[in-house]
Amino acid sequence: MLRPLDGRTALVTGSTSGIGLGLARRLAEAGAHVMLNGFGDRAEIEAERRRIETEYGVRALYSDADMRDREAIAHMVAGAEEAFGSVDILVNNAGIQHVAPVEDFPPDKWDAIVAINLSSSFYTTRAALPGMRRRGWGRIVNIASAHGLVASPFKAAYVAAKHGLVGLTKTVGLETAEDANITCNAICPGYVRTPLVDGQIRDQARAHGLSEEDVIRDVILAAQPNKRFVTIEELGALLLFLCSDNALSFNGAALPIDGGWTAR
Ligand code: NAD
């Protein structure tokens, strides 16, 4: 049976865990060969890579490129192009978080968040776009956040980087607007239950002396009117739509998928 992304290739940054891994699996299920990237236990990553290949009958590769290292990023994109012949779908997903008042925000954390959550997308895009233009087909999907559209206190670096990523998305969308089959969009999720959010739940529970259930209801989901986490399945469905021909008029858009958070 023909799948929607048969013959396509995808690179998903930060795909050894959470949203990135879920999106890479969804792309593979739809037929795309995928390159995984991110940190973690090497044996677990290798097992996941093989599972993707056997479950979905595609090729899966892995790059350990650090998204703070622009040369490693260029090397990763070149490696994917060499192995697959192309990078058709680029999903910029790698991200980290740190929560602190702005005057106490550790400068090293600021630098790392801006590098991983924002600058890495500039470096992957500039490396992958020429090939997309040559082949006349490409999708760049940046995983921003509701925090790319609105702010919360104590997340200065994350909010600044995600707003920056939305700005990069708009600019690349405009620069590719006349390339008939290339688009660049941002997905802006509300809270998704992943290891990144589990860490915040634990930290907040400790800091405020609350139970994890109370933190989820009163702190984490306080801004999310529907009071439920966004699911990785919902994000995967949106990503697949953005990769389809029906989405060609979406370009430079920042798409909230946040249970109404940014409707306020
Ligand atoms: P996660 O911690 O589960 O996964 C992050 C991934 O990024 C991992 O694969 C990790 O190895 C990788 N990574 C971290 N630093 C890296 C580096 N220097 N180089 C390469 N890879 C690196 O987090 P997640 O919740 O799945 O988040 C994924 C993305 O989605 C992030 O950009 C995050 O900001 C965004 N997001 C998450 C939520 C949420 O509620 N979880 C909401 C909105 C947006």
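Start at 1 and go down the list; that is how both ligands and their atoms are numbered. All values reported here derive from a predicted model rather than from experimental measurement. Atom set for the values below is all heavy atoms of this structure, side chains included, hydrogens, waters and symmetry mates excluded.
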Q.
Can you list everything that forms a ring pair (Phe, Tyr, Trp, His ring centres under 6.0 Å) with F241? Sequence neighbours excluded, please.
A. F250
(Q) Residue by residue, ordered by chain and number, which ones reach under 4.0 Å of ligand 1 with a heavy atom? (A) G14, S15, T16, S17, G18, I19, N37, G38, F39, A65, D66, M67, R68, N93, A94, G95, I96, I116, I143, A144, S145, Y158, K162, P189, G190, Y191, V192, T194, P195, L196, V197
Q. Can a donor-acceptor pair be found between the side chains of T124 and N92 at a distance below 3.5 Å?
A. yes
Q. Which pairs, with at least one residue in residues 180-195 and sequence neighbours excluded, count as a salt bridge (charged side-chain N to carboxylate O under 4.0 Å, His left out)?
A. R193-D198
Q | Donor on one side chain, acceptor on other, K109 and Q97, under 3.5 Å | A | no
Q | Qualifying salt bridge (charged side-chain N to carboxylate O under 4.0 Å, His left out) pairs with a residue from residues 135-150, counting only residues at least two apart or across chains | A | D88-R135
Q. Hey, is E234 close enough to R228 for a salt bridge, meaning N to O under 4.0 Å?
A. yes
